[in-house]
Amino acid sequence: MPDLGLDVLWKGSNLLRLLGGLGVALRISLIAVVISIPLGLLLGTLMTGKNVILKFILKLYLEFIRIMPQLVLLFMVFFGSTRMFGWQPSGELSAIIVFTLWGAAEMSDLVRGALISIPVHQYESSEALGLTKVQTYCYVVIPQTVRRLIPLSINLITRMIKTTSLILMIGVVEMIKVAQQIIEANRTTSPNAAFGIYLVIFLLYFLACWPISLLAKYLERKWR
Amino acid sequence: MNWEYIQKYLPMYEKAAILTLKLGVIGILFAVLIGLFCAVILYYKVPVVKRIVAAYIELSRNTPLLVQLFFIYYGLPKIGIATNAEACGIAGLAFLGGSYMAESFRSGFEAVDKIQEESAASLGMNSYQTMRYVILPQAVSVSVPGFLANVIFLLKETSVFSAISLMDLMFTAKDLIGLYYKTTESLILLVGFYLLLLLPVSLLGMWVERRVRYAGFGT
């Protein structure tokens with residue numbers, strides 16, 4: 001059995017420091033999710049509306065955000081805003097801005113998809129039953145949309161958590177960065193630490209995302 | 001805006017884009033192979049192997065590519081599995097993409113009704129013919145939009161390759177920003193090249209999705 005460098009984890013507060021790094025990633029994704037879900041609901045509803053110009057602008061925003069790798073967006077905010085607006089956001093703030101913009105775009109697309117997946121005859125039937133516009137939305141459209149939407153938005157949270165690993169690249173100290181520090185510090189005493197530590201990070205990310213994915217899958221199956 | 005600068009460094013971006021595209025395409029090819037293999041295993045419910053495949057899918061879907069790459073590139077050499085950065089990038093992309101491809105193919109297989117298989121059997125087709133002429137054509141047309149969405153997703157994910165010191169578009173942009181402080185120009189070139197790579201696939205995806213919807217599949 002070769003030395004896998006797992007003993008480094010128990011030295012000092014290394015494991016706690018790693019978990020703290022995960023905490024940073026989770027905090028950023030939580031803040032971004034909390035802002036982007038209502039924003040996405042609003043944008044998604046607007047996208048099914050009748051205003052052509054508004055729809056075009058939203059579509060442009062949505063497609064641009066979705067087609068660009070999130071890392072490019074992070075670079076644009078982190079490096080670009082300094083040059084263009086003379087404003088220098090911290091790495092964490094840039095991350096929150098990017099993930100909110102991205103989350104809102106993704107969410108609005110999910111909302112739009114859920115809204116247009118309601119067949120026209122649902123609206124027509126409600127009208128035939130004499131329901132007003134508000135009643136149609138409250139009792140017919142929204143309940144059906146929400147059922148389709150909740151599993152998808154939960155999935156969005158796991159995607160958000162996974163994507164936060166990118167903040168390493170704009171210099172935020174999160175789990176991978178902490179791991180690099182730990183590995184460097186223990187280079188002489190346990191040269192194999194890279195294997196053990198990166199394996200632990202892999203598993204920690206898995207443990208953070210897997211339960212959420214399972215919940216989404218369960219709800220999707222239950223509400224089909 | 002400094003056009004001279006853009007002209008001067010355009011070739012660097014071109015080289016980087018070619019590397020991104022090359023690694024992306026090879027990685028996606030492997031991902032498709034892994035995905036098809038996994039989907040077939042899950043479809044035929046092969047005992048034991050199906051559990052391994054399911055575990056692989058969960059592991060790979062619930063971890064970020066960046067972490068997978070770090071493990072492959074920095075972790076694995078410590079236990080004697082050392083390769084170069086390009087191979088690591090391809091392996092990481094294939095590991096991540098395999099599960100996404102498997103899911104999209106599996107949903108295609110699931111969309112084919114049991115009755116199709118039974119009808120094929122009652123027409124006297126053997127299991128190969130059933131697969132080849134009845135199930136695959138229907139399954140593929142259902143999974144094509146998902147497949148293309150995955151291709152875009154995986155091409156986007158290649159942007160983290162710079163973390164394992166591959167000279168891709170991100171690496172080039174970051175390098176040039178650091179060297180010459182021409183932030184705006186570097187970022188514009190970066191965005192431009194990613195659009196060049198991703199927009200065609202995205203448009204193709206939209207077109208195919210509409211076609212499939214007209215054909216009455218994927219409802």
Side-chain angles (χ1 to χ4, degrees), chain A residues 2-5 25 63-64 66-84 155 158-159 161-170 175-176 179-180 183 190-214 217, chain B residues 20 57-81 96 149 152-163 168-171 173-174 177-178 181-188 190-191 193-195 197-199 201-203 205-206 219:
Chain A
D3 172 31
L4 299 180
E63 290 301 326
F64 180 77
R66 294 191 66 193
I67 209 172
M68 273 299 128
Q70 288 87 13
L71 193 53
V72 175
L73 298 175
L74 278 174
F75 268 46
M76 283 170 74
V77 172
F78 188 66
F79 293 117
S81 57
T82 318
R83 180 53 62 99
M84 284 195 241
N155 260 332
T158 63
R159 283 165 66 198
I161 295 175
K162 283 187 288 174
T163 320
T164 45
S165 63
L166 297 181
I167 56 181
L168 164 77
M169 316 278 279
I170 55 167
M175 199 157 46
I176 302 176
Q180 286 174 337
I183 292 164
S190 60
N192 283 347
F195 181 83
I197 300 277
Y198 285 129
L199 185 66
V200 168
I201 293 193
F202 184 85
L203 293 175
L204 282 177
Y205 259 107
F206 178 71
L207 289 177
C209 295
W210 195 45
I212 310 179
S213 299
L214 284 182
K217 211 180 266 176
Chain B
T20 298
I57 290 179
E58 292 297 336
L59 265 179
S60 120
R61 281 184 74 101
N62 287 303
T63 45
L65 178 60
L66 191 57
V67 173
Q68 297 168 3
L69 282 179
F70 266 74
F71 180 67
I72 296 173
Y73 187 66
Y74 295 110
L76 286 185
K78 301 289 177 197
I79 56 164
I81 308 170
L96 175 81
I152 298 172
F153 164 74
L154 291 173
L155 278 177
K156 278 166 65 180
E157 285 287 313
T158 59
S159 62
V160 306
F161 280 179
S162 56
D168 74 338
L169 285 168
M170 291 310 298
F171 191 94
K174 196 170 180 180
I177 290 174
Y181 296 111
K182 293 262 187 283
T183 312
T184 321
E185 289 85 351
S186 302
L187 286 177
I188 286 177
L190 179 67
V191 169
F193 269 96
Y194 267 114
L195 278 180
L197 287 182
L198 294 167
L199 207 55
V201 193
S202 168
L203 291 175
M206 279 183 211
T219 42

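Chain identifiers are assigned alphabetically (A, B, ...) following the order of the sequence lines, protein sequences preceding nucleic acid strands; residue numbering begins at 1 within each chain.
Proximity of a side-chain donor or acceptor of A:Lys162 to a complementary backbone N or O of B:Arg61 within less than 3.5 Å is detected.
With rounding to the nearest 0.5 Å, the separation of CD1 in B:Ile79 from CG in A:Asn192 is 9.0 Å. With rounding to the nearest 0.5 Å, the separation of CD1 in A:Ile161 from OG1 in B:Thr63 is 12.5 Å. Expressed to the nearest 0.5 Å, how far CD1 of B:Ile188 lies from CE of A:Met76 amounts to 8.5 Å. Distance CG/A:Leu166 to CD/B:Glu157: 7.0 Å, rounded to 0.5 Å. To the nearest 0.5 Å, atoms CZ (A:Phe202) and CD1 (B:Ile72) are separated by 8.5 Å.
Most heavy-atom pairs under 4.5 Å with chain B, from the set A:Phe75, A:Phe64, A:Phe79: that is A:Phe75. The choice from B:Ser186, B:Ser159, B:Ala173 that makes the most heavy-atom pairs within less than 4.5 Å of chain A is B:Ser159. Top candidate by heavy-atom pairs under 4.5 Å with chain B, chosen from A:Leu214, A:Leu204, A:Ile183, A:Leu199, is A:Leu199. Options A:Met175, A:Met169, A:Arg159 differ in how many heavy-atom pairs under 4.5 Å they form with chain B, and the most are formed by A:Met169. Per-residue heavy-atom pair counts under 4.5 Å with chain A were compared for B:Tyr181, B:Tyr194, B:Phe70, and the maximum is reached by B:Phe70.
Heavy atoms of B:Leu65 lying under 4.5 Å from chain A are absent altogether. In this structure, chain A has heavy atoms under 4.5 Å from both the backbone and the side chain of B:Leu76. For a residue to count as touching a neighbouring chain, one of its non-hydrogen atoms must lie under 4.5 Å from one of that chain's; by this rule B:Leu59 touches chain A with backbone and side chain alike. In this structure, chain A has no heavy atom under 4.5 Å from any part of B:Ile152. For B:Val191, the parts sitting under 4.5 Å from any heavy atom of chain A are the backbone and the side chain alike. Heavy atoms closer than 4.5 Å to chain B are found in the side chain of A:Ile176, but not in its backbone. Using a 4.5 Å cut-off between heavy atoms, A:Leu168 contacts chain B through its side chain alone, with no backbone atom that close. Contacts between B:Phe153 and chain A at a heavy-atom distance below 4.5 Å are absent for every atom of the residue. Residue contact with chain A, scored on non-hydrogen atoms closer than 4.5 Å, involves the side chain of B:Ser202 exclusively. Neither the backbone nor the side chain of B:Leu169 comes within less than 4.5 Å of any heavy atom of chain A.
Here the side chains of B:Tyr74 and A:Phe195 are not in contact, with every heavy-atom distance at 4.5 Å or above. Between A:Tyr205 and B:Asn62 there is no side-chain heavy-atom pair separated by less than 4.5 Å.
Of all non-hydrogen atoms in B:Ser162 and A:Leu71, the two that sit nearest each other are OG-CD2, 4.5 Å. The nearest pair of heavy atoms linking A:Tyr198 to B:Gly75 is CD1-N, 4.3 Å. Here the closest heavy-atom approach between residue A:Arg66 and residue B:Lys156 is recorded as O-NZ, 2.6 Å. Scanning all heavy atoms of the two residues, the minimum distance from B:Leu198 to A:Ile67 falls at CD1-O, 3.0 Å. Considering all non-hydrogen atoms of both residues, A:Phe206 and B:Glu58 come closest at CE1-O, 3.4 Å.
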